[in-house]
Amino acid sequence: LLTWALAAVVLAFLLWKLQTSHFDWAGFARSFRTADWRLLVLATLVIYANNLFRALRWSIFLRPAYRASGVTPAPWYRLIGSQFLGFTGLALFGRIGELIRPLLVSRRTGLSFPSQVAVVTVERVFDLAAFALIFTGNLLLSPNLRTLPYLHRAGFTIGGLTLALLIFVAAIRLAGTAVARVSSHLVGLVSKPAGAAVAEKILSFRSGLNVIDSAADFGLISVLSLALWGTIALAYVLVMKAFPAPVHSLTAAHTIVLMGFSIAGSALPIPGGSGAWAGNVFALTELFAIPKELAVSTGLMLWIILTLSIIPAGLLYARVEGISLGQVARRSEEAEDQRSSPLT
C-alpha cells in the first residue's frame with residue numbers, strides 16, 4: 001500500500017508538471033484517436049506470445065531437476081499459465097510478485113521452490129546478456145544512430161561489461177569454489193563478514209547454474225533468449241508505427257535504444273513498472289525530439305502494452321484455476337523467507 005501511495009504521489013506530481021508546462025491535452029487525446037489500433041492489438045498479441053518462449057525456456061531449465069528428483073517432466077505448455085500469472089503479480093505487487101512464478105511452477109511440477117528460485121536467477125543472466133547483445137550490436141552497427149555519438153561510444157562500454165559478465169559467469173560455472181575463495185579473501189581484507197557473504201552468494205549462484213544441463217541446452221536457451229527479446233523489440237516497433245509522425249518515422253534502431261531507456265526506468269521500485277513510462281518519455285523527448293504530447297501518449301501506450309496488458313490474462317488464469325493472487329504472493333514471500341533463514 002505504501003508503494004502504491006508513493007506511485008500515486010509521483011503520478012500527481014507529473015500531472016501537475018504537465019499542467020503547469022502548458023501541456024496540450026487536446027493534442028494528447030488526438031494522438032490516441034489517430035493511432036492505428038490494429039497495430040496496437042497486434043503488439044499486445046506479440047507480448048502474449050512472448051510468454052510461450054519463456055515457458056519453453058523454463059522447461060529446459062527444469063531438465064536437471066527432473067532427472068535428480070525422479071519427477072515425471074510436465075509438458076512445457078503447462079508452464080504458460082504460470083508465466084502469465086507471475087508477470088501479473090509483478091505488475092501489481094512489484095518485486096514481491098517475482099517469486100510467484102517459481103512458486104506456481106514448483107506446485108505445477110512437484111519440484112522444490114528453491115530449485116525454481118535458482119531458475120529465476122539464471123533466467124535474469126540470460127535476459128541481461130541477450131538484451132545487451134541486441135542493444136550493443138544496434139549501437140555499434142546502425143548508421144541511423146551516428147547522430148548520437150555518445151550512445152555510439154556507450155556501445156563499446158556496454159559490450160565490454162557484457163563480455164566481462166559472461167566471463168565471470170563462465171568462471172563460476174567451471175571453478176565456482178575457487179572464485180568464491182579468491183573473492184572471499186579479497187573482500188575479507190576490508191571486512192571478513194562481507195567476504196564470507198560474498199563467497200556464500202557465489203557458491204549459491206554456482207549451484208543455480210546447475211539448471212543448465214549441457215552445451216546443447218545452453219545453445220537452445222541462448223537462442224530462445226534472443227528470440228524472446230526479439231519479440232519484445234517487435235512489439236516496440238509496432239507501437240511506434242501505430243502512432244503518427246514523427247514517432248511513426250523512428251526506425252527499428254531508434255526503437256531498440258528506446259527499449260534500453262524503458263528497461264532502465266522500470267528498475268525504479270514503483271508498482272507496475274511505471275518507471276518505464278518515464279524512461280520512454282525521456283528518450284522520446286530528449287533524444288529524438290518528439291513533441292511532449294505525442295511522447296507522453298506513446299510512452300503511456302508502451303507501458304500499457306508491455307507491462308499491464310498481461311494482467312487480464314493473468315487474472316483470467318487465476319479465476320479458472322481458483323488461485324488467489326494475493327494469497328500466492330504472500331505464500332511466495334513466506335517461502336522465500338524460510339528458504340533464506342539461517343536455520344534452514
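Keep in mind that what you see is a predicted model, and the values were worked out from it rather than measured. In what follows, residues are counted from 1 in the order of the sequence shown.
- Applying the 6.0 Å contact sphere to CZ of Phe32 captures more than 12 heavy atoms from other residues, nucleotides or ligands.
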Practice prompt. Go through the steps for Ser82 and Arg108 under the test side-chain hydrogen bond (donor to acceptor under 3.5 Å, both in side chains), then give the verdict.
Written response: CA-CA 9 Å; Ser82 301; Arg108 177 69 71 182; 5.0 Å; no

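- Linking Ile, Leu, Val, Met, Phe, Trp and Tyr residues whenever their side-chain heavy atoms come within less than 4.5 Å leaves Val223 and Ile232 in two separate clusters.
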Item to complete: Please test Phe261 against Leu287 for side-chain contact (heavy atoms from CB on, under 4.5 Å), starting from the C-alpha separation and ending with a verdict.
Response: CA-CA 11 Å; Phe261 281 86; Leu287 291 182; 3.3 Å; yes

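- Judged by distance alone, with hydrogens and angles left aside, the side-chain atoms of Thr285 form a donor-acceptor pair with the main-chain N or O of Phe282 at under 3.5 Å.
- Side-chain N or O atoms of Asn51 include none that pairs as donor or acceptor with a backbone N or O of Ile80 at under 3.5 Å.
- Ser59 places a side-chain N or O within donor-acceptor distance of the main-chain N or O of Leu56, the cut-off being under 3.5 Å.
- Look at Arg30 and Glu293 and you find no salt bridge, because none of the NZ, NE, NH1 or NH2 atoms lies under 4.0 Å from a carboxylate O.
- Within the 4.5 Å cutoff, side-chain heavy atoms of Leu40 are placed close to those of Val239.
- Between His254 and Phe288, the ring planes are perpendicular. Angles over 60° get that label, and only those under 30° would be called parallel.
- Both Leu224 and Phe87 sit in one connected hydrophobic cluster of ILVMFWY residues. Membership requires side-chain heavy atoms under 4.5 Å apart, directly or through other members.
- Remark: side-chain polar atoms of Thr298 are not paired, donor with acceptor, to backbone N or O of Met240 under 3.5 angstrom.
- Put simply, the side chain of Ser249 never gets that close to the backbone of Ala245: no donor and acceptor are under 3.5 Å apart.
- A salt bridge is defined here as a Lys NZ or Arg NE, NH1 or NH2 lying under 4.0 Å from an Asp or Glu carboxylate O, and Asp217 with Arg63 meets this definition.
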Fill in: Stepwise side-chain hydrogen bond (donor to acceptor under 3.5 Å, both in side chains) test for Trp229 and Asp127
CA-CA 8 Å; Trp229 281 96; Asp127 280 340; 3.2 Å; yes

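- Linking Ile, Leu, Val, Met, Phe, Trp and Tyr whenever their side-chain heavy atoms come within less than 4.5 Å leaves Ile304 and Val237 in two separate clusters.
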Practice prompt. Decide side-chain hydrogen bond (donor to acceptor under 3.5 Å, both in side chains) for Tyr236 and Ser262; before the verdict, give the C-alpha distance in whole Å, the side-chain angles of both, and the deciding distance to 0.1 Å.
Written response: CA-CA 10 Å; Tyr236 270 83; Ser262 176; 2.8 Å; yes

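- Side chain of Ser69 to backbone of Ala65: a donor-acceptor contact under 3.5 angstrom is found.
- A salt bridge links Arg101 with Glu123: the distance from a Lys NZ or Arg NE/NH1/NH2 to an Asp or Glu carboxylate oxygen falls below 4.0 Å.
- The main-chain N or O of Leu294 is found under 3.5 Å from a side-chain atom of Ser297 such that the two form a donor-acceptor pair.
- The structure places OH of Tyr48 at 6.5 Å from CZ of Phe84, a figure rounded to the nearest 0.5 Å.
- Without hydrogens or angle criteria, Asn50 side chain to Thr231 main chain gives no donor-acceptor distance under 3.5 Å.
- With hydrophobic clusters built from ILVMFWY side chains whose heavy atoms lie under 4.5 angstrom apart, Val41 does not share a cluster with Leu234.
- If you look at Phe126 and Phe218, their ring centroids are closer than 6.0 Å.
- Here the CD1 atom belonging to Ile221 is positioned 12.0 Å from the CG atom belonging to Leu226, to the nearest 0.5 angstrom.
- Rounding to the nearest 0.5 Å places CG of Leu315 at 8.0 Å from CG of Leu85.
- Taken from OG in Ser31 to CE in Met301, the straight-line distance is 8.5 Å, to the nearest 0.5 Å.
- The closest donor-acceptor contact from the side chain of Asn138 to the backbone of Ile134 lies at 3.5 Å or more, if one exists at all.
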